[in-house]
Amino acid sequence: MRVRSFRIESIRDNPPERYNGESVGELMTSSKSEQAISDLLHNLQIDVTSAHRTQCTSNWRDIDYSPDYNKFYFILDGEGWIRVDDQQIRPRPGQLCFMPAYTNQGYSAISDKPFLKYWCHFTTRAGAFDLFQWIGVPYCIDIQDKERMSRLFEQLVEPQGNSALVTLIRQKAVMLEILATFLEHVPVRILQHRSEEINRLNIIHDYVDKHLHLSVSVDELAALLHLHPNYFIAYFKKRFGISPHKYVNRKRMEKAKTLLMTTALSIKEVAALTGFADTNHFTKFFRKETGFSPTEFRGIYAS
DNA sequence: AGTTGGTCCATAAAGCAATG
DNA sequence: CATTGCTTTATGGACCAACT
């Protein structure tokens, strides 16, 4: 049996950064935070559970509930009231409202002119949580190009495709486009209660990045976070949706692909730079992951 | 020489349950 | 929440063969 020793000495040169505990959370201005989020986005799973264009009635109302899906309202006309956590909003036509999953919400008509709106329910799974359990965004924004947003929602509501398969894929594509447009126009911050996890993911990311040419063991990574290897594996997988070892391998493949596309290094050299002592194994692994042998891949994608 | 592929097997990684 | 001991699973390196 392998004894997993806890190696304190390997921690010193890379101490985990403590989050400073500010209430607002960290604005995602640094590439460091974006890095962790884009790591999470590697296994983003998007699902649209419903999408409609609805003329609400005056009894449109629910004042206390917590859905397990996110919602967008794109207001076309009318007026109404929305609450997310303790923030109350009176959205106007032309505004896009976002209500994150797992937060307490309420909504109500407030006059005899209830909302006419596009709306959708969707999830954006990233690791253990929904993307919006990692990041915080404003709940209501003005949309500049209202025609375009209307078109997108129309496509979301009535996705076009010559088969159920294509229709579903189109719908996901449109949902992603709406999401991207939304995220493009809002400040994104790391949610405070997730910042420690984001920091931890960043520590792992940086270490793996720097040591990819060596073989990075799970024990080393566990030591970085001062956690027992067995616990670390479970922790990492639960939070980030991928086992540490698979994460490292993903990084190795990303680097291998880049090297194959952008350099003329031999396969042997690429293997060495991505932590494979053995070219045979590198080739086999690469084919398993990409469906191509390294030289095939280079032939297809190298510029 | 360089690359790809197959099989074997030691051991690292992952999973599990008990415990503090 | 985190650690620990134990079991199961999967990986990756060694070695060999074939092909360009």
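Reminder, nothing fancy here: chain letters follow the sequence lines and each chain counts from 1.
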- Message: Is the distance from the ring center of Trp81(A) to that of Tyr107(A) below 6.0 Å?
- Response: no
- Hey, does the side-chain of Lys284(A) have a donor or acceptor N/O within less than 3.5 Å of a partner on the base of dG12(C)? no
- Below 4.0 Å: OP1/OP2 of dG12(C) and any side-chain N or O of Asn249(A): yes
- Message: Taking the ring centre of each residue, are Tyr73(A) and Tyr118(A) less than 6.0 Å apart?
- Response: no
- Query: Arg287(A) has an atom CZ; how far is it from atom P of dT3(B), in whole Å?
  - Reply: 15 Å
- Write down the distance between NZ (Lys268(A)) and C1' (dT3(B)), rounded to a whole number of angstrom. 11 Å
- Task: Ignoring the backbone of Arg200(A), work out which of dA14(C), dA2(C), dA13(B) is nearest its side chain.
- Result: dA2(C)
- Nucleotide dA10(C), atom C1' - distance to CZ of Phe285(A) in whole Å: 11 Å
- Presence of His228(A) side-chain N/O under 4.0 Å of dT3(C) phosphate oxygens OP1/OP2: no
- Query: For Asp278(A) and dT3(B), what is the distance between atoms CG and P respectively, to the nearest whole Å?
  - Reply: 13 Å
- Query: Which of these nucleotides, dT3(B), dT4(C), dT11(C), is closest to any side-chain atom of His245(A)?
  - Reply: dT11(C)
- Check whether any side-chain N or O of Arg252(A) sits under 4.0 Å from OP1 or OP2 of dG12(C), and answer yes or no. yes
- Query: Could you state the NZ-C1' distance from Lys238(A) to dA2(C), rounded to the nearest angstrom?
  - Reply: 13 Å
- Query: How close or far is atom C1' of dT9(C) from atom NZ of Lys237(A), stated in whole angstroms?
  - Reply: 11 Å
- Item | Distance in angstrom units between Leu265(A) CG and dT3(B) P, rounded | 11 Å
- Message: Under the criterion salt bridge (Lys or Arg N to Asp or Glu O under 4.0 Å), I'd like the reasoning laid out for Glu296(A) against Arg287(A): C-alpha separation, chi angles, the key distance, then a yes or no.
- Response: CA-CA 10 Å; Glu296(A) 277 172 6; Arg287(A) 179 176 279 290; 3.3 Å; yes
- Message: Tell me if the centroids of the rings in Phe122(A) and Tyr69(A) come within less than 6.0 Å of each other.
- Response: no
- Task: Examine dC1(C): is either OP1 or OP2 under 4.0 Å from a nitrogen or oxygen in the side chain of Tyr231(A)? Give yes or no.
- Result: yes
- Message: Both Asn280(A) and Tyr235(A) contact DNA chain C. Taking the nearest nucleotide for each, which residue is further toward the 5' end?
- Response: Tyr235(A)
- Task: Measure from NZ or CZ of Arg200(A) to the centre of the six-membered ring of Phe236(A) and say whether it is under 6.0 Å with the direction within 45° of the ring axis.
- Result: no
- Of the candidates dA14(B), dT3(C), dG13(C), the side chain of Leu227(A) sits closest to dT3(C)
- Message: When you measure from the side-chain N and O atoms of Ser266(A) to the phosphate of dG2(B), is any distance below 4.0 Å, counting only OP1 and OP2?
- Response: no
- Query: Out of dA14(C), dG5(C), dA13(B), which has the shortest distance to the side chain of Ser217(A)?
  - Reply: dA13(B)
- Starting at CZ of Phe276(A) and ending at P of dT11(C), how long is that distance when rounded to a whole Å? 11 Å
- Task: Answer with yes or no whether the side chains of Thr103(A) and Gln105(A) bring together a donor and an acceptor at under 3.5 Å.
- Result: yes
Under 3.5 Å, which protein N or O atoms sit close to an N or O of nucleotides 18-20 of chain B? Give each pair with its distance.
none

- Message: Please determine whether ring-ring contact (aromatic ring centres under 6.0 Å, His included) holds for the pair Phe182(A) and Phe72(A), giving the CA-CA distance in whole Å, both sets of side-chain angles, and the decisive distance to 0.1 Å.
- Response: CA-CA 10 Å; Phe182(A) 175 65; Phe72(A) 270 136; 5.1 Å; yes
- Pairing residues for Ser111(A) by the side chain to side chain contact (heavy atoms under 4.5 Å, CB included) criterion, not counting sequence neighbours: Glu79(A), Lys113(A)
